[in-house]
Amino acid sequence: MRVLLIEDEPRLGQAVQEHVTDGGHAVDRVLRLDDADAALRAVDYGLILLDLHLPDGSGLDFLRALRRRGDTSPVIILTARDQIRDRIDGLNAGADDYLVKPFDLDELRARVAAVARRYAGNPSPIQRFGEIEIDQASRQLSRDGKRIELTGREWAILDQLLRRPNSLVSKEQIEEALYPFGAEIESNTIEVHVSRLRKKLGRDFVVTVRGVGYRLGQA
């Protein structure tokens with residue numbers, strides 16, 4: 001999933017970016033609201049992580065403006081404001097979740113996954129495809145009870161396919177979800193990761209429609 005992080009505090013911003021990236025997501029980080037607005041007009045983000053105090057304005061006002069113009073991207077607010085009134089204001093402005101600083105990075109990762117599942121229309125973290133069981137919350141996958149280990153990139157590709165279980169996902173959509181701005185992508189990178197997924201999950205688990213994209217074969 002492609003994530004936009006709007007956070008100007010250096011240490012926290014770097015820690016959040018690294019932790020969310022380790023979870024298999026591509027993260028673009030910006031420090032200002034005007035840069036965030038430009039990024040959102042250029043990229044279809046799966047999630048926005050939004051600080052409320054930015055150098056060029058209020059994150060809350062920015063969120064209200066997003067919702068007024070019809071942007072439905074899921075948003076998790078990250079802020080030091082811990083009063084009930086602040087939480088209510090954030091949720092009423094259109095946020096999907098509200099996390100008070102300082103927060104545990106593993107909790108943030110869990111909330112990111114939960115919001116993503118809700119927007120994908122699948123609130124349950126457990127999905128089953130034949131003998132394969134996938135627990136997206138704990139990042140565990142098993143076949144007939146035997147655990148299978150996936151890399152972060154493999155999880156990210158699987159996540160994109162699970163979001164559209166009955167649809168084709170193009171190579172470009174996967175690349176956009178996996179890689180932030182400026183990343184160098186070799187031409188066959190996605191094909192290599194898909195091939196490794198097939199070796200672990202079965203040849204028919206991911207189907208290639210040549211020249212179009214990929215889909216789950218057991219959806």
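Under the 3.5 Å distance criterion, the side-chain polar atoms of Arg153 are matched with a main-chain donor or acceptor of Leu178. Looking at Arg147, its side chain never comes within 3.5 Å of a backbone N or O of Gln140 through a donor-acceptor pair. At distances below 3.5 Å, at least one donor-acceptor pair connects side-chain atoms of Arg67 with backbone N or O atoms of Gly94. Between the Asp34 side chain and the Asp56 main chain, no donor and acceptor come within less than 3.5 Å of each other. Formation of a donor-acceptor pair under 3.5 Å by the Arg2 side chain with backbone atoms of Glu176 is found in this model. Side-chain atoms of Arg198 come within 3.5 Å of backbone N or O of Val206 as a donor-acceptor pair. Panel note: side chain Arg164, backbone Val169; no donor-acceptor pair is recorded below 3.5 Å. The main-chain N or O of Ile76 is never found under 3.5 Å from a side-chain atom of Asp97 such that the two would form a donor-acceptor pair.
Closest heavy-atom contact between Gly13 and Leu5: O-CD2, 3.5 Å. For the pair Ile48 and Ser73, the tightest heavy-atom approach, listed with the atom from each and the gap, is CD1-CB, 3.8 Å. Of all the heavy atoms in Lys200 and Ile148, the pair that sits closest is O-CD1, 3.6 Å. Of all the heavy atoms in Gly90 and Leu63, the pair that sits closest is O-CD2, 4.0 Å. A pairwise comparison of heavy atoms in Ile77 and Ala95 identifies CD1-CB, 3.7 Å as the closest pair. Across Glu154 and Glu149, no two heavy atoms sit closer than the pair OE1-O, 4.3 Å.
In this structure the side chain of Leu201 reaches within 4.5 angstrom of the side chain of Leu141, judged on heavy atoms. Here the side chains of Asp86 and Thr79 are not in contact, with every heavy-atom distance at 4.5 Å or above. No side-chain heavy atom of Lys146 sits under 4.5 Å from any side-chain heavy atom of Arg143. The shortest distance between side-chain heavy atoms of Trp155 and Ile134 falls below 4.5 Å. Side-chain atoms of Thr189 and Tyr179, non-hydrogen and from C-beta on, do get closer than 4.5 Å to each other. Side-chain contact between Leu197 and His193 is absent, with no heavy atoms from C-beta onward closer than 4.5 Å. The shortest side-chain heavy-atom distance between Leu78 and Phe103 falls under the 4.5 Å cut-off. With a 4.5 Å cut-off on side-chain heavy atoms, Pro180 and Val27 do not count as touching.
Residues Val115 and Leu91 fall into different hydrophobic clusters, defined by Ile, Leu, Val, Met, Phe, Trp and Tyr side chains chained together at heavy-atom separations under 4.5 Å. Hydrophobic clustering (ILVMFWY, side-chain heavy atoms < 4.5 Å, transitive): Val20 and Leu31 are in distinct clusters. When the side chains of ILVMFWY residues are joined at heavy-atom separations under 4.5 Å, either directly or via intervening members, Ile157 and Val209 end up in two distinct hydrophobic clusters.
In this structure, CG on Leu66 lies 12.0 Å from CZ on Arg64, to the nearest 0.5 angstrom. Distance check, rounded to the nearest 0.5 Å: CD1 of Ile132 to CZ of Phe205 gives 4.5 Å. With values rounded to the nearest 0.5 angstrom, His25 atom NE2 is found 6.5 Å from Asp159 atom CG. Note: Ser170 OG to Arg215 CZ = 15.0 Å, rounded to the nearest 0.5 Å. Note: Glu172 CD to Ile190 CD1 = 9.5 Å, rounded to the nearest 0.5 Å.
For Arg11, the CZ atom is loosely surrounded, since the number of other residues' heavy atoms within 6.0 Å does not exceed 12. Around atom CG of Asn92, more than 12 heavy atoms belonging to other residues, nucleotides or ligands sit under 6.0 Å away.
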Show your reasoning for whether side-chain contact (heavy atoms from CB on, under 4.5 Å) applies to Met1 and Gln160. CA-CA 7 Å; Met1 177 172 65; Gln160 289 302 303; 4.2 Å; yes
Stepwise, does the side-chain contact (heavy atoms from CB on, under 4.5 Å) test hold for Phe129 with Leu162? CA-CA 11 Å; Phe129 298 89; Leu162 291 172; 3.4 Å; yes
One pair to check against salt bridge (Lys or Arg N to Asp or Glu O under 4.0 Å): Lys101 and Asp51. What are the steps and the verdict? CA-CA 10 Å; Lys101 302 174 184 178; Asp51 185 21; 3.2 Å; yes
Using the side-chain contact (heavy atoms from CB on, under 4.5 Å) rule, take Ile84 and Ile88 through it: C-alpha gap first, then chi angles, then the decisive distance, then the call. CA-CA 6 Å; Ile84 295 298; Ile88 293 172; 3.8 Å; yes
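In this view, Tyr214 satisfies the side chain to side chain donor-acceptor pair (under 3.5 Å) rule with no residue, not counting sequence neighbours.
Among Leu4, Val75, Val112, Leu99, the one residue that satisfies the side-chain contact (heavy atoms from CB on, under 4.5 Å) test with Leu49 is Val112.
For the residue pair His53 / Asp8, no side-chain donor-acceptor distance below 3.5 Å is found, with atom types taken as modelled.
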